[in-house]
Amino acid sequence: MDYLIRQALPEDLDDAGRITVEAFVGGGFTSPGSRYVELLRDADRRAREAELLVAVDPADQRVLGCVTFAVGGTEWADIATEREGEIRMLATDTAARGRGVGEALVRASLARSRELGLAGMAFSTRPEMTAAHRVYERVGFLRTPQRDWSPYPGMDLMVYTLAF
């Protein structure tokens with residue numbers, strides 16, 4: 001592994017926000033003018049109100065990817081119960097794709113959930129995010145269709161879970 005996973009530092013936040021916007025807008029998962037883009041860009045808020053994990057290059061500390069981790073029942077958790085962790089806004093820099101960065105961030109989130117004594121994890125994903133689905137399934141998450149939901153009409157979200 002040629003990267004390090006850690007909590008985001010203040011100097012990581014601009015890059016984490018940029019990478020998240022590029023992944024979601026560039027991947028066609030949200031439109032450039034949507035209100036969601038500002039939430040994606042605001043890594044500072046995510047780091048303050050939840051936990052922001054980053055993958056960084058150990059040589060130059062360049063941010064390669066990030067994920068927001070939250071405990072169920074908190075503002076940043078959409079679907080997790082109070083006994084589950086949740087990930088949101090998993091993003092890898094285009095130049096770092098294919099290096100296992102996304103999977104490492106998911107595994108670090110699992111480790112964080114266990115560290116906090118949670119019973120498992122649950123999170124939402126869009127049906128078209130198929131590359132991410134492969135990562136989740138490789139790590140051991142299962143599709144949990146009975147928990148699928150829609151935050152608003154036309155936005156259907158799939159749920160993945162893993163119990164410890």
Side-chain angles (χ1 to χ4, degrees), residues 1 3-9 12-13 16-17 19-21 23-24 27 29-30 34-56 63-93 97 100-164:
M1 179 166 57
Y3 44 83
L4 169 72
I5 307 292
R6 61 167 167 74
Q7 293 281 333
L9 301 173
D12 301 326
L13 300 177
I19 288 166
T20 308
V21 169
F24 279 72
F29 306 122
T30 195
S34 76
R35 289 189 348 219
Y36 193 55
V37 168
E38 289 313 307
L39 194 61
L40 295 170
R41 187 181 324 280
D42 196 350
D44 179 61
R45 178 177 171 203
R46 289 186 278 146
R48 282 191 330 269
E49 297 176 0
E51 294 183 38
L52 184 62
L53 302 176
V54 293
V56 297
V63 176
L64 305 173
C66 60
V67 68
T68 303
F69 173 83
V71 174
T74 63
E75 181 179 348
W76 285 89
D78 285 332
I79 194 71
T81 68
E82 291 180 3
R83 298 282 301 133
E84 294 173 319
E86 182 168 336
I87 57 172
R88 297 200 42 209
M89 303 172 188
L90 175 65
T92 302
D93 187 45
R97 293 204 180 128
V101 170
E103 183 173 332
L105 287 163
V106 172
R107 289 185 184 280
S109 299
L110 279 169
R112 184 67 180 128
S113 290
R114 287 186 175 104
E115 192 177 285
L116 293 171
L118 300 174
M121 289 188 63
F123 57 87
S124 307
T125 182
R126 298 205 26 196
E128 60 272 19
M129 294 178 163
T130 56
H133 301 167
R134 286 190 297 275
V135 169
Y136 305 146
E137 291 165 6
R138 188 168 48 246
V139 170
F141 284 93
L142 301 174
R143 272 284 293 120
T144 312
Q146 65 271 27
R147 289 178 71 178
D148 289 356
W149 65 293
S150 297
Y152 55 85
M155 172 59 74
D156 297 323
L157 298 175
M158 301 166 44
V159 174
Y160 276 83
T161 61
L162 191 150
F164 302 145

>> Apply side-chain contact (heavy atoms from CB on, under 4.5 Å) to residues Gln146 and Val159 and explain how you reach the verdict.
In response: CA-CA 8 Å; Gln146 65 271 27; Val159 174; over 6 Å; no
Taking C-beta and beyond as the side chain, do [X] and [Y] meet within less than 4.5 Å on heavy atoms?
| X | Y | value |
| --- | --- | --- |
| Met89 | Tyr36 | yes |
| Ile5 | Leu105 | yes |
| Glu103 | Val106 | no |
| Val37 | Phe24 | no |
| Arg6 | Leu53 | no |
| Ile87 | Tyr136 | yes |
| Tyr160 | Glu137 | yes |

Please report the closest heavy-atom contact between [X] and [Y], naming both atoms and the distance.
| X | Y | answer |
| --- | --- | --- |
| Ala91 | Ala23 | CB-CB, 3.7 Å |
| Val56 | Leu64 | C-CD1, 4.0 Å |
| Ala80 | Arg147 | CA-NH2, 4.1 Å |
| Thr92 | Gly102 | OG1-N, 3.7 Å |
| Ser109 | Phe69 | O-CE1, 3.6 Å |
| Leu118 | Arg83 | CB-O, 3.4 Å |

From [atom1] ([X]) to [atom2] ([Y]), nearest 0.5 Å:
| X | Y | atom1 | atom2 | result |
| --- | --- | --- | --- | --- |
| Thr125 | Ile79 | OG1 | CD1 | 12.5 Å |
| Glu38 | Leu40 | CD | CG | 9.0 Å |
| Leu142 | Leu162 | CG | CG | 6.5 Å |

Can you tell me if [X] uses its side chain to pair, donor with acceptor, with the backbone of [Y] under 3.5 Å?
| X | Y | value |
| --- | --- | --- |
| Arg46 | Glu51 | no |
| His133 | Glu128 | no |
| Asp93 | Gly65 | no |
| Glu84 | Ala122 | no |
| Tyr3 | Gly100 | yes |
| Asp12 | Leu9 | yes |

> Checking side-chain contact (heavy atoms from CB on, under 4.5 Å) against Val67, which of Leu52, Leu90, Val101 comes through?
Replying inline: Leu90
> Yes or no on side-chain contact (heavy atoms from CB on, under 4.5 Å) for Thr161 and Met121, after CA distance, side-chain angles and deciding distance?
Replying inline: CA-CA 5 Å; Thr161 61; Met121 289 188 63; over 6 Å; no
[X] bridged to [Y] by N-O distance under 4.0 Å:
| X | Y | result |
| --- | --- | --- |
| Arg88 | Glu49 | no |
| Glu75 | Arg45 | yes |
| Arg48 | Asp44 | yes |

>> Are more than 12 heavy atoms, taken from residues, nucleotides or ligands other than Arg35, located less than 6.0 Å from that residue's CZ atom?
In response: no
> When you look at Val135 and Phe141, which way does the side-chain contact (heavy atoms from CB on, under 4.5 Å) test go after all the steps?
Replying inline: CA-CA 9 Å; Val135 169; Phe141 284 93; over 6 Å; no
